[in-house]
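Basis for what follows: all heavy atoms, side chains included, without hydrogens, waters or symmetry-related copies. Residues: numbered from 1 along the sequence shown.
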Amino acid sequence: MEVIIVPTAQDVGELAAARIADLVASNPDAVLGLATGSSPQGVYAELHRRVQAGSLSFAGVRGFALDEYVGLPLEHPESYASVITRDVVEPLGFDPSNVRVPDGRADDLDRAAQEYDEAIAQAGGIDLQILGIGANGHIGFNEPTSSFASRTRIKTLAPQTRLDNARFFDNPDQVPTHCLTQGLGTILEAREVVLVAQGAGKAAAIAAAVEGPLTALVPGSALQLHRRATVIVDEDAASGLKLADYYRYTYAHKPA
Ligand code: GLP
């Protein structure tokens, strides 16, 4: 795992966006795993800036969202289908037919989940998965005790996650109780993973995921098993890391 500590939240977005832009430049029909939430907003903003400047195009890029609430209408502004359209597809100029979000409205959710993993496989797998992390260490919506082998499936949101996400809804009771999420096993199959986190509120989760024991209690710790995982954090999100100086030294001396 490579841990990169940068001064500000804006630097987090710029560095992660640079990595994605390099991938898309060399592979214009790359498959991206798309995260929602506030963490990747700076990444998408920087990618948008590059698209507007004409130096980057997502016209041929394919995308798979990480997760979706169960039961929210498609047109609900906080369905992840709406969020991905608003924050990613439209500003970055993806072809909407190239982007898929788990179907949290399906009558048969198990089948929808299985078909989602099959669609990822048919696309050739995910080249780069963008991730944020929840305050309780979740990635996607894989809540604590999710199996490291899990596939896309229905999960019950932890009460803390519903509270955390209540800010996006008029009233906390409106936050759905269930979701479909790529599993930890699905995420680990991505060829590359880039996790971004900003702010002191993520410091404990980052420390546990990066340096803590490999444990289902901290789903983000599954990334310790990934061969190509990069964690990009600002100083505040890095504040719980015991080996912060080592990560800074390593990045400063990174071989070309
Ligand atoms: C959300 C999403 C995750 C996200 C995490 C952190 O509920 N399902 O993909 O990484 O929780 O959210 P945020 O980035 O808003 O802090």
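Ile130 pairs in a side chain to side chain contact (heavy atoms under 4.5 Å, CB included) with only one of the listed residues (Val194, Ile20, Leu66), which is Ile20. Partner of Gln182 under the side chain to side chain contact (heavy atoms under 4.5 Å, CB included) criterion, chosen from Arg153, Glu189, Gln129, Arg151: Gln129.
Looking only at atom types and distance, the side chain of Glu143 has a donor-acceptor partner in the side chain of Asn136 under 3.5 Å away. Of the N and O atoms on the side chains of Gln122 and Glu118, not one donor lies less than 3.5 Å from an acceptor on the other residue. Between the side chains of Ser38 and Arg167, at least one donor N or O sits under 3.5 Å from an acceptor N or O. Between the side chains of Asp234 and Thr8, no donor-acceptor pair is found at a separation under 3.5 Å.
Under the 4.5 Å side-chain heavy-atom criterion for ILVMFWY residues, a single connected hydrophobic cluster contains both Val196 and Leu92. Note: the hydrophobic cluster containing Leu180 does not contain Phe64 (ILVMFWY, side chain heavy atoms under 4.5 Å, direct or indirect links). Cluster membership for Ile133 and Val3, using ILVMFWY side-chain heavy atoms within less than 4.5 angstrom, is shared. Under the 4.5 Å side-chain heavy-atom criterion for grouping Ile, Leu, Val, Met, Phe, Trp and Tyr, Val233 is not connected to Leu128 through any hydrophobic cluster. If you chain together hydrophobic residues whose side chains sit under 4.5 Å apart, Val12 and Leu23 fall into the same group.
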(request) Please assess His76 against Ser82 for the test side-chain hydrogen bond (donor to acceptor under 3.5 Å, both in side chains), listing each intermediate value before the final yes or no. (result) CA-CA 7 Å; His76 190 289; Ser82 293; over 6 Å; no

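The backbone N or O of Thr181 sits nowhere less than 3.5 Å from a side-chain atom of Glu68 that would complete a donor-acceptor pair. Distance alone, capped at 3.5 Å, is enough to place a donor-acceptor pair between the Gln224 side chain and the Gly212 backbone. Side chain of Asp11 to main chain of Val6: no donor-acceptor pair is present (N/O by atom type, distance under 3.5 Å, no hydrogens or angles). In this structure, Asn27 contributes its side chain and Val24 its backbone to no donor-acceptor pair below 3.5 Å. Side chain of Arg162 to backbone of Pro176: a donor-acceptor contact under 3.5 angstrom is found. Judged by distance alone, the side chain of Ser79 and the main-chain N or O of Leu74 form a donor-acceptor pair under 3.5 Å. Judged by distance alone, the side chain of Arg105 and the main-chain N or O of Leu72 form a donor-acceptor pair under 3.5 Å. Distance alone, capped at 3.5 Å, is enough to place a donor-acceptor pair between the Thr85 side chain and the Ala81 backbone. The backbone N or O of Asp117 lies less than 3.5 Å from no partner atom in the side chain of Thr152, so there is not a single donor-acceptor pair.
Between Val231 and Ile4 there is no side-chain heavy-atom pair separated by less than 4.5 Å. Phe141 places a side-chain heavy atom less than 4.5 Å from the side chain of Tyr80.
Residues passing the side-chain hydrogen bond (donor to acceptor under 3.5 Å, both in side chains) test with Glu90, sequence neighbours excluded: none.
The local environment of CD in Gln10 is sparse, with at most 12 non-hydrogen atoms from other residues, nucleotides or ligands closer than 6.0 Å. Atom CZ of Arg111 sits in a sparse spot, with 12 or fewer heavy atoms from other residues, nucleotides or ligands closer than 6.0 Å. Shown here is Phe168, whose CZ atom has more than 12 heavy atoms of other residues, nucleotides or ligands within 6.0 Å. Around atom CD of Glu2, more than 12 heavy atoms belonging to other residues, nucleotides or ligands sit under 6.0 Å away. The number of heavy-atom neighbours closer than 6.0 Å to CG of Asp108, taken from other residues, nucleotides and ligands shown, is above 12. By the 6.0 Å contact criterion, CZ on Arg227 is open, its count of non-hydrogen atoms from other residues, nucleotides or ligands being 12 or less.
What you find for Gly220 and Ala209 is that their closest heavy atoms are C-CB, 3.7 Å. Annotation for Glu211 and Lys242: closest pair OE1-N, 2.8 Å, computed over non-hydrogen atoms. Looking at every heavy atom in both residues, His226 comes nearest to Ile187 through CD2-O, 4.3 Å. Nearest heavy atoms, Ala197 versus Ala237: O-CB, 3.6 Å. Taking both residues in full, the closest heavy atoms of Pro144 and Leu217 are given as CB-O, 3.4 Å, listed atom of the first, atom of the second, then distance. Across all non-hydrogen atoms, the minimal contact from Tyr249 to His253 is O-ND1, 2.8 Å.
For the atom pair Tyr247 OH and Leu241 CG, the distance stands at 5.5 Å (nearest 0.5 Å). Atom OG in Ser150 sits 4.0 Å away from atom CG in Leu184 (nearest 0.5 Å). Ile154 CD1 to Asp110 CG: the interatomic distance, rounded to the nearest 0.5 Å, is 7.5 Å. Between the OG1 atom of Thr177 and the NZ atom of Lys155 there is a distance of 13.5 Å, given to the nearest 0.5 Å. Rounded to the nearest 0.5 Å, atoms NE2 (His48) and CD (Gln41) are 12.0 Å apart.
Aromatic ring pairs are classed by plane angle as parallel below 30°, tilted from 30° to 60° and perpendicular above 60°; the pair Phe169 and Tyr69 is perpendicular.
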